[in-house]
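Reading through the structure tokens given below for one structure.
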There are 2 protein chains.
Amino acid sequence: MAHITSSVEYAIHCLLYLVGSGDTPLSSRDLAELQGVSPSFLAKIFPRLEKAGIVAASEGVRGGYVLARPAEAVTFLDVVDAVEGDKKLFDCQEIRGRCALFEGDPPGWATKGVCGIHAVMLSAEKAMRDSLARTTLADVAAGFGRKAPKSFYADLSDWMDGRIRARASPRRARPEEGAG
Amino acid sequence: MAHITSSVEYAIHCLLYLVGSGDTPLSSRDLAELQGVSPSFLAKIFPRLEKAGIVAASEGVRGGYVLARPAEAVTFLDVVDAVEGDKKLFDCQEIRGRCALFEGDPPGWATKGVCGIHAVMLSAEKAMRDSLARTTLADVAAGFGRKAPKSFYADLSDWMDGRIRARASPRRARPEEGAG
DNA sequence: GATAACGCGGATAAAACCTGTCTGCGTTTT
DNA sequence: AAAACGCAGACAGGTTTTATCCGCGTTATC
């Protein structure tokens, strides 16, 4: 179990697909099946992104999610905080005040200010967060765009269209697509 | 549950006491009771510090631990790695290769090199680790030394001596110290 | 207007991890 | 010989993460 969880990983992969989908909403089910992850689990992650103002939801048939902000305005830190809440890197238990010499009543000099150990951890957490805030969805999407062939985006669009068409008129769907 | 755990917190607090104890070994039991933490739990942490070459153990009666290196040569990162092993900030599940369009056989362009998302997380992890590597036990011990009154170190020494004496000749120990 | 797709929220369960306890063993000082 | 000490392993309880299921309200399509 890592500090930055699979939930964040799923979220960012989905958001990168949303970068490419523009104004067309993508449902969490389609995104889950496209990537081979659990649809019901993904469905629990998206509301957090919506509450954080990262995606916008549209309900009902043909509903789904679109990015609520330009991809340049969504950092990795935004996504981590949205999905995981304010999870601390380190949880100081104020052990400095428990020293037996204090007999349950620690003096002011021992408990004033931030614990010296805690301060080091907070500094490390800040370094991590600053680093995460330096990269946006647009940065990673651009990097992917340089690797993927042009045909990939067309194929992706076809796949999504295929799913929508298949649901609209099931009789016309190809048999191997209907199974599953 | 934080990424940097209580085990690390306990370890560093103990190591700071070892900075002050010099060549006199301190037992994990005494360190635990001094700080009001679980002796049996602390006893599971010290062997990891010993394997990492941070402390040196001496067995038998009057045994215990001393720093194996100067306090200036022990960074917070050393302690974190020793206690937690190589715990990753993020565990990439290579979701990029699972895209349904690849039909189970992802092309080279999709899986070559480090996943773009993973790369961002690795960069954040490096920033955190670099930050942790910048502070040593000596730094924090010095900061504490500036806050604590001189009498604290004498009192601490007396407390440790008292425990050793109490065990050496229980009849001479003060009644309230013998309890517990 | 019925149906089905969709987002939303809560209840639930399984797995992993962290904390903490206990026991037995070998070593060393007293 | 006894007691203090480090060491290793087994074990239990609590929390977090992952995952599933169900029912509800909303909306486009037939």
Side-chain angles (χ1 to χ4, degrees), chain A residues 1-11 14 24-33 36-51 55-66 68 83-85 87-88 90-91 93 95 160 163-173, chain B residues 1-11 14 24-33 36-51 55-66 83-85 87-88 90-91 93 95 160 163-170:
Chain A
M1 231 178 300
H3 184 245
I4 299 179
T5 62
S6 299
S7 295
V8 171
E9 186 173 12
Y10 295 168
C14 289
T24 309
L26 301 184
S27 75
S28 72
R29 286 168 182 81
D30 283 352
L31 283 167
E33 295 184 21
V37 303
S38 156
S40 48
F41 186 56
L42 203 53
K44 308 222 64 166
I45 298 173
F46 266 106
R48 301 184 218 171
L49 297 172
E50 205 258 336
K51 285 190 184 64
V55 300
S58 50
E59 292 195 338
V61 176
R62 298 287 193 101
Y65 298 96
V66 296
V83 173
E84 304 200 325
K87 188 156 82 168
K88 300 302 180 197
F90 174 75
D91 176 32
Q93 303 191 31
I95 290 175
M160 287 291 179
R163 308 213 99 224
I164 294 173
R165 254 201 315 278
R167 286 192 281 260
S169 40
R171 283 155 294 177
R172 297 187 56 201
Chain B
M1 230 179 300
H3 184 246
I4 298 180
T5 62
S6 299
S7 295
V8 172
E9 187 174 12
Y10 295 168
C14 289
T24 308
L26 301 184
S27 75
S28 72
R29 285 168 182 80
D30 283 351
L31 283 166
E33 293 183 22
V37 303
S38 157
S40 47
F41 188 54
L42 203 52
K44 307 217 60 164
I45 298 172
F46 265 105
R48 299 183 219 172
L49 296 172
E50 205 258 335
K51 285 189 183 66
V55 300
S58 50
E59 294 195 337
V61 176
R62 298 286 194 105
Y65 298 95
V66 295
V83 173
E84 305 202 323
K87 187 155 82 169
K88 299 301 179 196
F90 174 75
D91 175 34
Q93 303 190 30
I95 291 175
M160 287 290 178
R163 306 213 102 225
I164 293 173
R165 255 201 315 278
R167 286 192 281 259
S169 40

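Below, chain A is the first sequence line, B the second, and so on; all start at residue 1. Keep in mind that what you see is a predicted model, and the values were worked out from it rather than measured.
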When the distance from [atom1] of [X] to [atom2] of [N] is rounded to whole Å, what number comes out?
X     : N      : atom1 : atom2 : answer
A/I4  : C/dC17 : CD1   : C1'   : 18 Å
A/E84 : D/dT16 : CD    : P     : 13 Å
B/E9  : C/dC18 : CD    : C1'   : 14 Å
B/F41 : C/dC17 : CZ    : P     : 15 Å
B/I95 : D/dT18 : CD1   : P     : 10 Å

Could you list the residues that satisfy side-chain contact (heavy atoms from CB on, under 4.5 Å) with A/A56, not counting sequence neighbours?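 If we apply the side-chain contact (heavy atoms from CB on, under 4.5 Å) test to A/A56, skipping adjacent residues, the hits are A/V66, A/A68.
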
For B/S58, enumerate each residue passing the side-chain contact (heavy atoms from CB on, under 4.5 Å) test, keeping only those at least two apart in sequence or located in another chain.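 B/S58 satisfies side-chain contact (heavy atoms from CB on, under 4.5 Å) with B/P25 only.
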
Just jot down the side chain to side chain donor-acceptor pair (under 3.5 Å) partners of [X], sequence neighbours excluded, or say none.
X     : result
B/E50 : none
A/S7  : none
A/T24 : none

Side-chain N,O ([X]) to OP1/OP2 ([N]) below 4.0 Å:
X     : N      : value
A/S28 : C/dG7  : yes
A/S38 : D/dT18 : no
A/T5  : D/dT18 : yes
A/S58 : C/dC6  : no

Residues which pass salt bridge (charged side-chain N to carboxylate O under 4.0 Å, His left out) with B/E59, listed by chain and number, not counting sequence neighbours: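 B/E59 satisfies salt bridge (charged side-chain N to carboxylate O under 4.0 Å, His left out) with no residue once adjacent residues are dropped.
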
With A/K87 via salt bridge (charged side-chain N to carboxylate O under 4.0 Å, His left out) - residues at least two apart: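 Counting only residues at least two positions away or on another chain, A/K87 forms a salt bridge (charged side-chain N to carboxylate O under 4.0 Å, His left out) with A/E84.
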
Selected nucleotide, minimal atom distance to B/V61 side chain, candidates C/dT21, D/dA28, D/dA4: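 Nearest listed nucleotide: D/dA4.
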
Starting at the 5' end of DNA chain D, which residue's closest nucleotide do you reach first, B/S27 or B/Q93?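 Closer to the 5' end of DNA chain D: B/S27.
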
First encountered from the 5' end of DNA chain D, between A/S40 and A/H3: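 On the 5' side of the pair lies A/H3.
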
Give the ring-plane orientation class for B/Y10 versus B/F41, where under 30° counts as parallel, over 60° as perpendicular and anything between as tilted.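 Rings of B/Y10 and B/F41: perpendicular, over 60°.
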
Report for the helix from C/dG1-D/dC30 to C/dT30-D/dA1: angle between first-end and last-end helix axes, five pairs each, rounded to 10 degrees.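 Computed from the C1' atoms at both ends, the axes differ by 0°.
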
Considering heavy-atom distances to DNA chain C, does B/K87 or B/G60 have its closest nucleotide positioned more toward the 5' end?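 Mapping each residue to its closest nucleotide by heavy atoms, the 5'-most match is B/K87.
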
In B/S/- notation, 5' to 3', how is nucleotides 7-14 of chain D contacted by protein heavy atoms closer than 4.0 Å? SSBB----

Any chance you could measure B/I45, atom CD1, to B/C14, atom SG, to the nearest 0.5 Å?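 The SG atom of B/C14 is 7.5 Å from CD1 of B/I45, to the nearest 0.5 Å.
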
